[in-house]
Undergrad: 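Below is one structure. I have some questions about it.
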Amino acid sequence: MLKKWTAILLAASLGLSAGCWDRQEVEESFVTIAAGVDTCPGNKLRFTEQIPLPPPEAKGKATRTEKTAPTGPSFVTISTVADTFTDGARKVHLNTPRGPLWQHAACYVFGENFSRQGFAGEIDWLQRNRQIRKIGYVFITRNATVSEVLKVPTEVERIPAVALVSMIKNQDTSLGIYTPIKLGDFLGQSITPGIEPTAPGVEIVEEGGKKRLRISGTAVFKQAKLVGWLNEKESRGYRWLRPTMIIGGTKVIKCPICDKPVLLDTLRSTSKIKAEIKDGEIIMHIKIREEGNFYEQKCRHQLVTPEMIPILNREAEQLIAEQVRAAVTRAQELDSDIFGFGQALHSAYPREWTRLEEHWEEVFPTVKIELDVQSEVRRSYLTTRTLEFRY
Amino acid sequence: MRYLPPKGQPEEPLTDAQILTQSLAYDLQTNHTYLEQLLQGCSDAVMRKFKFGKDRDTDALLVYFDGLVSKTEAEASILYPLMLEMDQIEDAVETQAGNIYENTRDRLLAVTDLLECDTFEEVMQHIASGDGVLIIDGYNQGLVAGIRYWQGRPVESPDQEVIVKGPNEGFNETLRINTALLRRRLKTNCFKIESISIGRYTKTNTIICYIKGVADESLIQEVKNRLEKIDIDGVLDTNYLEELMEDHHYSVFPQAEHTERPDRVVAHLLEGRVALMVDGSPWAMVVPATLPQFWISPEDYYSRYVPASLIRLLRQLAFLITLLLPSLYVATITYHQEMIPTPLLLTIAASREGVPFPALVEALMMEITFEFLREAGIRMPRAIGPAISIVGALVIGDAAVSAGLVSTPMVVVVAFTGIASFIFPAYNAGMAIRIARFPMLILAGFLGYFGIMIGLIMLLVRLASMTSFGVPYLSPLAPTNQGDLSDTLVRRPWWAMRQRPQNISPDNRVRQE
């Protein structure tokens with residue numbers, strides 16, 4: 001009997017002897033909502049992180065009658081100078097009393113200078129740290145340092161990092177210029193042969209003495225180094241070639257009759273890249289199937305008719321082709337295979353790829369593309385005819 | 001030479017136990033003396049001695065307990081015929097001349113229930129059950145007249161199992177009324193009510209009800225065997241029987257269903273179960289019981305099957321919430337902060353600011369407080385009920401948060417768990433889950449989701465290995481029986497309910513042709 005109870009007691013205490021190993025109470029932690037690194041003179045890194053402060057009304061002291069607009073800062077930004085990423089992140093403890101919760105990091109911001117020097121060997125920790133989830137979005141600062149960017153308050157959203165993520169996601173579905181990328185994909189594409197990552201840029205604009213954040217440009221990487229930027233048109237072209245389905249976006253074409261702008265939106269679009277080697281030339285067959293709606297017109301012409309729609313479709317196809325060509329040209333100039341042409345070649349010609357992989361850098365700028373774009377206007381929302389003002 | 005007491009000492013008085021084993025004597029005086037000895041100190045015992053017969057020369061003794069018999073009936077059907085009417089009947093002379101005992105038994109006593117008894121023990125048993133016993137001088141047998149009548153509750157609607165629609169009669173403390181409630185719903189001779197007396201002192205009348213041909217014979221036999229093995233001084237409620245008969249004595253989970261609704265008992269009997277009732281308790285105990293049975297309310301079968309099915313799903317959700325919500329909350333905010341959306345995490349962090357205890361201690365504190373409130377709510381006199389509600393709601397809820405002892409989300413979690421725990425139709429199953437959530441909470445507090453998983457697996461293994469009168473406790477979930485499953489998680493429509501559950505009634509399964 002005694003033996004039995006001793007055994008039960010020992011077994012029970014075994015469960016407890018681990019002693020809440022990973023326990024971390026939320027009120028003894030802070031949430032790292034954004035983190036980033038930038039260069040610092042003296043071959044050091046400047047680590048910066050943004051920590052949101054709890055909304056004042058959540059503290060349970062304010063009653064309903066004293067509810068006022070949240071005052072005071074909604075976040076703090078802490079910067080440290082250190083040798084490595086981890087070192088920087090831990091030096092935060094020198095002036096912050098609590099431990100970090102990395103799981104909620106919504107975005108990772110890398111400085112432009114830091115990126116130009118190359119991040120290979122600098123962000124090992126992001127891969128290794130168990131707490132870091134690779135679903136935060138990656139941004140590259142443009143004409144600014146990370147600590148400057150992470151200090152800019154945003155107005156609609158209390159926490160700038162959350163605002164940045166919302167901005168990149170919302171522009172993707174409503175406007176369709178820049179392609180959001182998550183940390184996991186970013187790191188994956190950096191180390192995969194035959195594809196290079198991009199990341200949206202973020203810059204600071206001043207309007208009436210107030211600083212605002214704006215997403216601007218797509219940073220193109222090559223061998224983990226920032227080599228250049230895509231402009232808006234090229235970014236749109238890059239977006240059409242995204243391997244996953246695209247939902248949302250706009251296309252501005254010209255009215256076939258009067259050349260005034262006509263706006264079509266995109267419902268969904270898929271693309272497929274198929275490599276072919278023909279007479280020693282590498283050709284990428286790019287197939288894009290796009291569907292959209294007629295959204296806006298400036299002229300009075302009757303455009304949503306069975307006769308006009310095919311013409312609009314051709315216009316849209318031309319626009320898409322033009323944007324894709326611009327993007328490919330720019331990428332070839334920068335010599336960075338952001339579209340994954342190498343991967344397409346690898347899957348179609350595995351044997352040739354082993355030979356080409358060594359000097360893909362030289363081959364990539366010579367790759368030809370052949371476009372097969374089909375775009376279709378499906379419907380025109382509430383009206384088919386525009387209002388006919390007499391003007 | 002030492003002094004020895006003389007052998008065969010005269011007339012050492014018999015002890016009570018010795019008297020009980022004796023047969024009644026022919027001599028009424030002896031009987032009277034013995035009865036007086038037995039009933040010494042029983043102030044409610046009445047021994048009415050009277051004379052009747054041809055020349056008023058026959059002595060008789062009527063014994064009963066005051067309060068258990070109908071005095072009107074005792075007068076009208078025993079005393080009146082014997083003392084007055086005897087002379088008026090036509091063949092009075094013959095009657096009085098012959099065997100007066102037989103004549104009294106066969107012609108004079110105008111009661112419906114009439115038995116005979118031989119020993120003092122039988123006399124005691126009968127008068128304690130509320131019968132009157134008539135002993136006539138010169139005969140060594142007593143006549144037992146069934147003139148039971150006592151004050152009891154009328155048939156009321158059940159307090160504990162409330163339903164909106166459907167029959168609303170409940171059992172009460174009188175066994176005979178309860179059997180009548182059952183018999184009225186099962187008008188067949190196949191419905192058997194077997195009786196057995198349990199308890200050395202209480203001699204509680206216990207009945208075993210089943211439908212012959214529907215209930216498994218081996219199940220009936222097993223129930224009887226287990227009942228016969230019970231040796232206890234008293235039985236006041238069916239729970240005594242459950243604990244003495246169940247398969248697993250150390251489990252917190254109930255292995256019998258207790259109900260105070262005759263309709264529910266009949267529904268179970270029709271599925272092939274066996275019901276047990278004891279005199280003096282309005283609760284019937286139905287075996288075998290399985291865990292899925294506890295989220296079934298009789299109302300499910302009285303309302304349309306779609307709403308009934310949805311509500312049954314709701315109860316299953318409540319089952320999980322009661323068991324897991326506090327542990328999930330504690331595990332999430334101490335170990336798995338990535339599971340909470342960022343804005344909520346910030347709010348929780350803010351509201352926990354200044355709370356001096358770890359989340360586990362906070363949760364245990366609040367859960368125990370809630371159990372205090374609930375227990376107080378049940379036990380307190382009704383007049384101070386509102387006071388407890390006010391103290392509970394204001395002091396524990398609001399003031400504890402304002403004082404910074406607990407955080408607001410914890411109050412929400414505990415309140416929600418509390419509400420969910422009230423959903424179970426079966427009170428005893430709700431209790432089991434309420435108990436099980438505390439070990440879960442501790443595991444969650446020490447090991448996070450990993451601990452919850454360990455707890456769940458241990459619980460599941462335990463439940464799956466249990467049986468109730470040979471029926472697997474998790475059936476028909478495990479072992480899975482697809483046919484029965486459709487009336488477990490959801491409620492099968494009546495037109496599709498063609499068969500009885502296989503796990504309970506394996507032989508006679510046809511409900512509808």
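Worth knowing before you read on, the calculation uses all heavy atoms, side chains too, and leaves out hydrogens, waters and symmetry mates.
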Undergrad: Below 4.5 Å from any heavy atom of chain A, which atoms of B:Pro341 appear? Answer side chain, backbone, both or neither.
TA: backbone
Undergrad: For A:Arg128 and A:Thr86, which I'm curious about, is there any donor-acceptor pair between the side chains at under 3.5 Å?
TA: no
Undergrad: Under 4.5 Å from any heavy atom of chain A, what part of B:Leu443 do you find: side chain, backbone, both or neither?
TA: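 Contact with chain A is absent: no heavy atom of B:Leu443 under 4.5 Å.
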Undergrad: So which part of B:Phe450 gets closer than 4.5 Å to some heavy atom of chain A, the side chain, the backbone, both or neither?
TA: neither
Undergrad: What about A:Phe186 and A:Phe119, are their ring centers closer than 6.0 Å?
TA: yes
Undergrad: Taking salt bridge (charged side-chain N to carboxylate O under 4.0 Å, His left out) as the cut-off, I'd like each qualifying pair that reaches into residues 246-256 of chain B, sequence neighbours left out, listed once.
TA: B:Arg226-B:Asp247
Undergrad: Tell me, please, whether B:Phe370 has B:Arg434 positioned over its six-membered ring: NZ or CZ under 6.0 Å from the ring centre and within 45 degrees of its axis?
TA: no
Undergrad: With respect to chain B, which residue among A:Glu28, A:Arg133, A:His104, A:Gln103 yields the maximal number of heavy-atom pairs within a distance under 4.5 Å?
TA: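 Heavy-atom pair counts peak at A:His104.
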